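Just below is one structure, and these are the notes that go with it.
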Number of protein chains: 2
Amino acid sequence: MQDFLRLESDKYIETTDGITPMNLKALSQHLGLSQTTVSRALNGYPEVSERTRERVMQAAIELNYRPNPNAKSLATGRTEHIGIILPIEQNLFMEPVFGEFMAGIAQCLAEADMDMTIMPTPRSNELQAYQQLAISGRVDGILISSPTLQDARVACLAESDFPFVLHGRTECAFPYSYLDIDNQGAFANATRLLLDLGHQRISLVNGDESMTFARDRHAGYRQALQEHGVTYDPQLVCSQGSMTEEHGFNSVSRLLLQRPRPSAFIVGSMILALGAMRAIRHHGLEPGHDIALIAHDDHLPYLQADKFDPPLTTTSSSIRAAGYEITQVLHAEINNKGMGHSQTVLPVELIVRGSTRTYKRPA
Amino acid sequence: MQDFLRLESDKYIETTDGITPMNLKALSQHLGLSQTTVSRALNGYPEVSERTRERVMQAAIELNYRPNPNAKSLATGRTEHIGIILPIEQNLFMEPVFGEFMAGIAQCLAEADMDMTIMPTPRSNELQAYQQLAISGRVDGILISSPTLQDARVACLAESDFPFVLHGRTECAFPYSYLDIDNQGAFANATRLLLDLGHQRISLVNGDESMTFARDRHAGYRQALQEHGVTYDPQLVCSQGSMTEEHGFNSVSRLLLQRPRPSAFIVGSMILALGAMRAIRHHGLEPGHDIALIAHDDHLPYLQADKFDPPLTTTSSSIRAAGYEITQVLHAEINNKGMGHSQTVLPVELIVRGSTRTYKRPA
DNA sequence: CCACAAATCCAAAGCGCTTTAAATTGTATG
DNA sequence: CATACAATTTAAAGCGCTTTGGATTTGTGG
């Protein structure tokens, strides 16, 4: 239990009953006050005089007193932690964007003075893990990302009133909070740009379409084609595969073999764009000249669209900012539990650069 | 405190004193046993008969009982959590490798049935945050990464006997546990390969040399040069800047302007290699033909060395595996506290591919 | 049949905090 | 000067678990 041999500075204090751990009891003994008063003084309750509060605060700082978070959580039911469940096999971190997303979360958490509990879980236990985490009392709210079309995790949490926010959207019988970007609008705009430039055979290298975001992008693509009266050709769409350089290379290579050849590509990520460019060049063509290319850009700081050669036209949306905002939403949700649901769709900007600038109509 | 309005399934149970939360007390009442016995049965203590244990286990599963982690931690002082402090400004997640590292950690944690607490912290509070986390009782051990040459975080934790493991190495008066890769050996080998191929002007695009790993790599590079009697030219080394595509492009572009021109580059990451390749081509040269290129590869799944064009020669070391192993070490350290320190240096393989294969001696 | 040990079980204290309900002090009023 | 009332403070219960020390039952050999 305790370990009195370990005499780290700050952790122990000499009181009337010997050397004891530095806790509320010791602090209040030291001050000649009750634990109640000290606790209230520290937590800003009004029923304590300003003079004692001053004194308590002072002593707490001097003695470097930190309330034990476990005890606090046990007593209050709050933890100041949010939770994320991490599937260990098809790991979210594999997607480089997840790191950026986390960075945004971290930024907001630091400002709100909260922390984050990450629970690595095999997919087989996932649902159970979400339920368990929700009732465990270890976190005040949960963040969910990468939803499928009808996401079971959302379905199972939405029934309870445990606070959570989804990054993305899903079909669900119950209302729930989410924050998403306008994937459909973004890819519709990208497609329109290409159509306006005269492209007729536009290829889409999409993410895994069991995910809502990929389905939405596909829908945007089709929508724009339809508006322009261009018939939709499923052969031009690649709707499975991971967001790797290799997959970008392979699918674009394959698509380039079609006749008539696609003259433009829309790809789902910057990493895919790397592979796409390699494929295009490998094919003896020049991106931005012979072939137009648009990528979705989540603003990875180490891979910037304007630094590509040619600079990449992108549908642009900071996933870090999304992480920041979704955490704010969750934080608000935690604080006014049951005050309705926040549903946000962030717009996505289309930034035109060199990769769609110089277009030669294909033969 | 409690919220009896919320009647989620699994969370409440009908006992002799009405509908109560599903906790140890309720479970033992339901079983007609004492809390002591039930607790012992569940935790595998020997002083409970096999028959009752069976009965208890059964009931626990049926009623979906989960011990409250906060209460457990408060009582035992253990949390089954490891901690990581995340600097929010120069964010670790910016480095794409950190995601991979985390993936390895997560894998190991899942196997050990542990979780991870991430504490986002501004650099200004960093040291305090480490100390606080160590004594807070929220985590059983801490993982530290990206050490500087004389890392204050390590220095301050090594004095206490709180379990932690460093990913990398640092100068420190006290003994501590670490797991590192042989950065020096790796870069020495890479340099030797180039020297053996006849290169004389070899350029190094390194990471920030306030970090130990970068300093070690630089040392390996110098060591190999010295062995081969090639004079070290500081002009050929770029030892600051982040691991971005842009920085790779800029520094290689600049270095290519030198006369005599460097004929080979060693760069610190795959992302840098992307920028390096772009710079080389931008300069009208062909990587692997006119200019040799070696990169350090942390095995990012979405950016594979053999998929580059030409395939990249690399110093190769799975950072995911490192994450896995370091977590194992920490876990062991937690379980036998004070049983000495584990110090591991993993070897790094040199994998020769196309980018150093076809070499034309420069004019 | 009894003493003794081993096996099982339990009541209660304790982990460090919050919070309820009650007690104490101070202050103004009739 | 007693009284009502607000301002401060406190004792004690409770959060849900573990664990100590003791109680009770069971089994065994003399």
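The sequence lines fix the lettering, A, B, ..., with proteins before strands; numbering per chain opens at 1. In this text the structure is predicted, and so the values were computed from the model without any measurement.
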Using whole Å, what does the distance between atom [atom2] of nucleotide [N] and atom [atom1] of [X] come to?
{"X": "B/N68", "N": "D/dG14", "atom1": "CG", "atom2": "C1'", "value": "13 Å"}
{"X": "A/M22", "N": "C/dC17", "atom1": "CE", "atom2": "C1'", "value": "13 Å"}
{"X": "B/L24", "N": "D/dT19", "atom1": "CG", "atom2": "P", "value": "12 Å"}
{"X": "A/L74", "N": "D/dT18", "atom1": "CG", "atom2": "P", "value": "12 Å"}
{"X": "B/Q29", "N": "C/dA11", "atom1": "CD", "atom2": "P", "value": "11 Å"}
{"X": "A/E47", "N": "D/dT9", "atom1": "CD", "atom2": "C1'", "value": "10 Å"}
{"X": "B/L33", "N": "D/dT24", "atom1": "CG", "atom2": "P", "value": "17 Å"}
{"X": "B/L27", "N": "D/dT18", "atom1": "CG", "atom2": "P", "value": "11 Å"}

Does the side chain of [X] get closer than 4.0 angstrom to OP1 or OP2 of [N] through an N or O atom?
{"X": "A/K72", "N": "C/dT18", "answer": "yes"}
{"X": "A/N23", "N": "C/dG16", "answer": "yes"}
{"X": "A/Y45", "N": "C/dT19", "answer": "yes"}
{"X": "A/K25", "N": "C/dC17", "answer": "no"}
{"X": "B/S49", "N": "C/dC9", "answer": "yes"}
{"X": "B/Y65", "N": "D/dC17", "answer": "yes"}

Can you sort out the partners of [X] under side-chain hydrogen bond (donor to acceptor under 3.5 Å, both in side chains), two or more places apart, ordered by chain and number?
{"X": "A/E80", "value": "A/R78"}
{"X": "A/T36", "value": "none"}
{"X": "A/T148", "value": "A/D151"}
{"X": "B/Q132", "value": "none"}

Quick check on the helix from C/dC1-D/dG30 to C/dG30-D/dC1: what's the angle between its two end axes, five base pairs per end, to the nearest 10°? 60°
Note: for A/A71 and B/Q35 on DNA chain C, the residue whose nearest nucleotide lies more 5' is B/Q35
Short of 4.0 Å, heavy atom to strand atom, which residues of residues 36-44 of chain B count as contacting DNA chain D? B/T36, B/S39, B/R40, B/N43
Sugar-phosphate only, base, or nothing, as touched by [X] at under 4.0 Å among non-hydrogen atoms:
{"X": "B/R78", "answer": "nothing"}
{"X": "B/T52", "answer": "sugar-phosphate"}
{"X": "B/R53", "answer": "nothing"}

Under 3.5 Å, which donor-acceptor pairs do the side chains of residues 39-48 of chain A form with other protein atoms, sequence neighbours left out?
unit_1, atom_1, unit_2, atom_2, d
A/N43, ND2, A/S39, O, 3.3

Salt bridge (Lys or Arg N to Asp or Glu O under 4.0 Å) filter on A/E62, not counting sequence neighbours, yields none
Selected nucleotide, minimal atom distance to B/V48 side chain, candidates D/dT18, C/dC9, C/dT18: C/dC9
Are A/Y178 and A/Y176 near enough that their ring centres are under 6.0 Å apart? yes
Please confirm whether the ring centroid of B/F101 lies under 6.0 Å from the ring centroid of B/H167. yes
Would A/R320 and A/E100 satisfy salt bridge (charged side-chain N to carboxylate O under 4.0 Å, His left out), going step by step from the backbone distance to the final call? CA-CA 5 Å; A/R320 175 190 283 248; A/E100 270 295 290; 3.3 Å; yes
Partners of A/S73 by side-chain contact (heavy atoms from CB on, under 4.5 Å), sequence neighbours excluded? A/T79, B/N70
